[in-house]
S.K.: 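Shown below is the structure under consideration.
Keep in mind the model is a prediction, meaning the values are calculated, not measured. Start at 1 with the first residue, then count along the sequence.
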Amino acid sequence: MGRLYLIQLDGRIYSCRHCRSHLAQCDELVSKSFHCRHGKAYLFNTVVNVSVGPLEDRMMTTGKHAVADIFCNSCQQVVGWKYEVAYEKSQKYKEGKFILERYALLP
């Protein structure tokens, strides 16, 4: 395979707990009031060094969403998911944004 190219972020960042790859800048944090199956989760506008998995519909506490798991490019661990489609009108603000699960992060 080819050489792995990872983006290095400046400033305050969140990193992958498993391999310490940079995932997001603190400035991109939208909300800390999300939850996942492992506990707390954070909503971000943008993330780096992740791959997006296949799209699937999931029923969540706020309704049905089309989401795709996101994987760390360095260690291939699931670190969260990307909201692609929110079927509820009140949840449309999540579309195109990313959830990083707190258990997978180093602040």
S.K.: When Phe98 is tested against each of Asn45, Leu43, Ile70, Val67 for side-chain contact (heavy atoms from CB on, under 4.5 Å), which residue passes?
M.R.: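 Only one of Asn45, Leu43, Ile70, Val67 forms a side-chain contact (heavy atoms from CB on, under 4.5 Å) with Phe98, namely Ile70.
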S.K.: For Cys19, check side chain to side chain contact (heavy atoms under 4.5 Å, CB included) against everything at least two apart and list the hits.
M.R.: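 Side chain to side chain contact (heavy atoms under 4.5 Å, CB included) check on Cys19 returns Cys16, Ser21, Cys72, Ser74, Cys75.
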S.K.: Could you report the tightest heavy-atom contact between Lys97 and Phe44, atom names first, then the distance?
M.R.: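 It is CB-O, 3.4 Å.
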S.K.: Glu95: which residues meet the salt bridge (Lys or Arg N to Asp or Glu O under 4.0 Å) condition with it, sequence neighbours left out?
M.R.: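 Expected list: Lys92.
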S.K.: Can you name the side chain to side chain contact (heavy atoms under 4.5 Å, CB included) partners of Gln91, sequence neighbours left out?
M.R.: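 Scan of Gln91 (side chain to side chain contact (heavy atoms under 4.5 Å, CB included), adjacent residues dropped) gives Thr62, His65, Ala86, Glu88, Tyr93, Lys94.
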S.K.: Does CZ belonging to Arg58 count more than 12 external heavy atoms closer than 6.0 Å?
M.R.: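 Enclosed.
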S.K.: Which pairs of donor and acceptor atoms, one on a side chain in residues 29-37, lie under 3.5 Å apart (sequence neighbours left out)?
M.R.:
residue	atom	partner	partner atom	Å
Ser31	OG	Ser33	N	3.1
Ser31	OG	Ser33	OG	2.8

S.K.: If you round to the nearest 0.5 Å, how far is OG1 of Thr46 from CG of Leu23?
M.R.: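 Here the interatomic distance stands at 11.5 Å.
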S.K.: With a 4.5 Å cut-off on side-chain heavy atoms, are His22 and Asn49 touching?
M.R.: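 Counting from C-beta outward, Asn49 and His22 do come under 4.5 Å.
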S.K.: Which value, rounded to the nearest 0.5 Å, describes the distance between Tyr87 atom OH and Met59 atom CE?
M.R.: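 One finds 10.0 Å between OH of Tyr87 and CE of Met59.
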S.K.: Under 3.5 Å, sequence neighbours excluded: what are the donor-acceptor pairs made by side chains of residues 99-107?
M.R.:
residue	atom	partner	partner atom	Å
Arg102	NE	Tyr42	OH	3.2
Arg102	NH1	Leu105	O	3.1

S.K.: Which other residues belong to the hydrophobic cluster containing Leu9, where Ile, Leu, Val, Met, Phe, Trp and Tyr are joined when side-chain heavy atoms lie under 4.5 Å apart, directly or via other members?
M.R.: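 When side chains under 4.5 Å apart are linked, the cluster holding Leu9 also contains Tyr5, Ile7, Ile13, Val48.
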S.K.: Say whether, by atom type as modelled, one donor and one acceptor occur between the side chain of Gln25 and the main chain of Asp10 under 3.5 angstrom.
M.R.: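 The answer is yes, because a donor-acceptor pair under 3.5 Å joins these two groups.
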S.K.: Quick check: is Val47 connected to Leu55 through a chain of hydrophobic side chains (ILVMFWY, heavy atoms under 4.5 Å apart)?
M.R.: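 No: no chain of side-chain contacts under 4.5 Å links Leu55 to Val47.
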